[in-house]
There are 2 protein chains.
Amino acid sequence: MKALKIPEATVVRLSLYSRHLRQLINDGTLTVSSGEIAAGVGVSSAQVRKDLAYFGEFGTRGVGYNVQELHGHIVRILGLNREWNVVIVGVGKLGSALAVYKGFASRGFNIVGLMDVSEQRIGLSLGKLVIEPLTILEQRIREKSVKIGIITVPGSAAQEVADMMTAAGVSSILNFSPRVLKVPKRVILRNVDLSVNMEVLSFYLSRFESRQ
Amino acid sequence: MKALKIPEATVVRLSLYSRHLRQLINDGTLTVSSGEIAAGVGVSSAQVRKDLAYFGEFGTRGVGYNVQELHGHIVRILGLNREWNVVIVGVGKLGSALAVYKGFASRGFNIVGLMDVSEQRIGLSLGKLVIEPLTILEQRIREKSVKIGIITVPGSAAQEVADMMTAAGVSSILNFSPRVLKVPKRVILRNVDLSVNMEVLSFYLSRFESRQ
DNA sequence: GACTGTGAAGCCATTCACAGCT
DNA sequence: AGCTGTGAATGGCTTCACAGTC
């Protein structure tokens, strides 16, 4: 695979392109131009072409892209042509929401473990899974070769859970807790931080109002 | 206020700094250096100083920053020294999770409306609020001067909800649905997209594995 | 000696604009 | 004529490095 460094923004857009292309497949559209994709996801057509150019030449000059074909390429680029096992630690409302999220399994993400510390939650079932104690996390990660850990515990417990996950060998963590986590360099970390998002909105709102 | 354009990445980091400073205040720390803040949130010290420099000179050379004072500045910069009314549309698991999220009220975000289309949910109460039908959204936004709308409905309903919100006069939308929304330029839109985040992880995971 | 504030340099991502193909 | 692929130009963010201050 190419050694070229891919901007993270490009990866994010590829995910949006793949979703848009799925829609086009459902609609029965056969061919699409960079401009049409661009309009669908709110970027420029040059951006779409540049993003795709990192990975090859998928289109036909004068014509555009074959929808099915391009979708297949992007799915492979994103590593969605295989399955990834996932554990969720913290089965409060947010964790439960993710556990039952439909768009998961269809994209190859299998949730194979739900863990919590609360005695009241342990033993309850959610979908096909039973909520287990945190003590079983390491075993579950190893036996299922789990590569992705999702953290939906309160901030105070988040670092500890991250440490347990990395010790057990996950390669990536999606962190929903309001904490900056320290993880080894080999572990890919992404943060989905509600407070930060709200505060960014607040920043732009108050700037806008003070300019009125 | 300054007309200077602030990078969005700077705003995101300011939110992280403010959280770290709150921690320092709790710990009773009086003074902090850019290097200490940087270590706490995982950026470089030059980055911290540059971010703050957009808004003024808050430190003392040779000494550092007064923790309380700097926190106060950042809170004001982020517009957190006032209250913002918020509505949440879509009270499934995710919407409920946000509705009861503790870190909300403490930062000045008041949830003043929970709306849903489901007959089973309408009338139920969650915290201090009762879930109302979507038909009341516009009225609630106007009477409470709601500036922030949160969308936690399925993708298929998201654009319609966004249209209702903007028609009623919200200035910003935090979108959790897996859709690219079209909103007027005056409306600030932020997306928190679970699928995209998972697919970005998948991309880096499969790149890493193919490099082994 | 320690640490901030900042111009300059470096780096990275996006946009432009056009050659090349159908 | 229409649309892709891409080098060049632009714009923006981050890092460097150091003068200024305590």
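The sequence lines fix the lettering, A, B, ..., with proteins before strands; numbering per chain opens at 1.
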*Just jot down the ring pair (Phe, Tyr, Trp, His ring centres under 6.0 Å) partners of H71(B), sequence neighbours excluded, or say none.*
none

With a 3.5 Å cut-off and sequence neighbours excluded, list the donor-acceptor pairs that the side chains of residues 186-202 of chain A form with protein atoms.
| residue | atom | partner | partner atom | Å |
| --- | --- | --- | --- | --- |
| R186(A) | NH1 | V170(A) | O | 3.1 |
| R186(A) | NH2 | T166(A) | O | 3.0 |
| R190(A) | NE | N197(B) | OD1 | 2.8 |
| R190(A) | NH1 | E8(A) | OE2 | 2.9 |
| R190(A) | NH2 | N197(B) | OD1 | 3.3 |
| N191(A) | OD1 | N175(A) | ND2 | 2.9 |
| D193(A) | OD1 | S195(A) | N | 3.2 |
| D193(A) | OD1 | V196(A) | N | 3.1 |
| D193(A) | OD1 | R19(B) | NH2 | 2.8 |
| D193(A) | OD2 | R19(B) | NH1 | 3.0 |
| D193(A) | OD2 | R19(B) | NH2 | 2.7 |
| S195(A) | OG | Y101(B) | OH | 3.1 |
| N197(A) | OD1 | R190(B) | NE | 2.9 |
| N197(A) | OD1 | R190(B) | NH2 | 3.3 |
| N197(A) | ND2 | D193(A) | O | 3.0 |
| E199(A) | OE1 | S15(B) | OG | 2.8 |
| E199(A) | OE2 | R107(B) | NE | 2.8 |
| E199(A) | OE2 | R107(B) | NH2 | 3.2 |
| S202(A) | OG | L78(B) | O | 2.5 |
| S202(A) | OG | G79(B) | O | 3.1 |
| S202(A) | OG | W84(B) | NE1 | 2.9 |

*asked:* What does the 5'-to-3' dot-bracket notation of DNA chain D look like when only Watson-Crick and G-U wobble pairs under 3.5 Å count, and pairs to other strands show as |?
replied: ||||||||||||||||||||||

_Reported CD1-to-CE distance for the pair I150(A) and M165(A), which is rounded to 0.5 angstrom_ = 8.0 Å

Donor-acceptor pairs under 3.5 angstrom involving side-chain atoms of residues 151-163 of chain B: please list them, not counting sequence neighbours.
| residue | atom | partner | partner atom | Å |
| --- | --- | --- | --- | --- |
| T152(B) | OG1 | V89(B) | O | 3.2 |
| T152(B) | OG1 | G90(B) | O | 2.6 |
| Q159(B) | OE1 | K182(B) | N | 3.0 |
| Q159(B) | NE2 | D163(B) | OD1 | 2.8 |
| Q159(B) | NE2 | K182(B) | O | 3.0 |

Evaluate the side-chain proximity of [Y] to [X]: yes if any heavy-atom separation is below 4.5 Å, no if none is.
X       : Y       : value
V11(A)  : Y204(B) : yes
I148(A) : N85(A)  : no
F203(B) : I6(A)   : yes

*Sub-4.0 Å heavy-atom contacts from residues 14-52 of chain B onto DNA chain D, ordered by number*: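 Of all residues in residues 14-52 of chain B, the ones placing a heavy atom under 4.0 Å from DNA chain D are S44(B), Q47(B), R49(B), K50(B).
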
_What residues from residues 59-68 of chain A pass a heavy-atom cutoff of under 4.0 Å to DNA chain D?_
G59(A), T60(A), R61(A), G62(A), V63(A), G64(A), Y65(A)

_What is the distance, to the nearest angstrom, from the OH atom on Y54(A) to the P atom on dG7(D)?_
12 Å

*For T60(A), enumerate each residue passing the side chain to side chain contact (heavy atoms under 4.5 Å, CB included) test, keeping only those at least two apart in sequence or located in another chain.*
V63(A)

_Partners meeting salt bridge (charged side-chain N to carboxylate O under 4.0 Å, His left out) with R22(B) (sequence neighbours left out)_ =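 Salt bridge (charged side-chain N to carboxylate O under 4.0 Å, His left out) list for R22(B), sorted by chain: empty.
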
Can you give each donor-acceptor pair under 3.5 Å made by side-chain atoms of residues 28-41 of chain A, sequence neighbours left out, with the distance rounded to 0.1 Å?
| residue | atom | partner | partner atom | Å |
| --- | --- | --- | --- | --- |
| S33(A) | OG | G35(A) | N | 3.4 |
| S33(A) | OG | E36(A) | N | 3.2 |
| S34(A) | OG | R49(A) | NH1 | 3.1 |
| E36(A) | OE1 | S33(A) | N | 2.9 |

*Could you list the residues that satisfy side chain to side chain donor-acceptor pair (under 3.5 Å) with N110(B), not counting sequence neighbours?*
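For N110(B), the residues satisfying side chain to side chain donor-acceptor pair (under 3.5 Å) (neighbours in sequence not counted) are E83(B).
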
*asked:* Reading DNA chain C in the 5' to 3' direction, which nucleotide is the first one with an atom under 4.0 Å from a heavy atom of chain A, and which is the last?
replied: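 Under 4.0 Å from chain A, the extent on DNA chain C is dA13(C) to dT22(C).
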
*Scan for salt bridge (charged side-chain N to carboxylate O under 4.0 Å, His left out) pairs involving residues 140-151 of chain B, sequence neighbours excluded, and state none if there are none.*
E132(B)-R140(B), E138(B)-R142(B), R140(B)-E143(B)

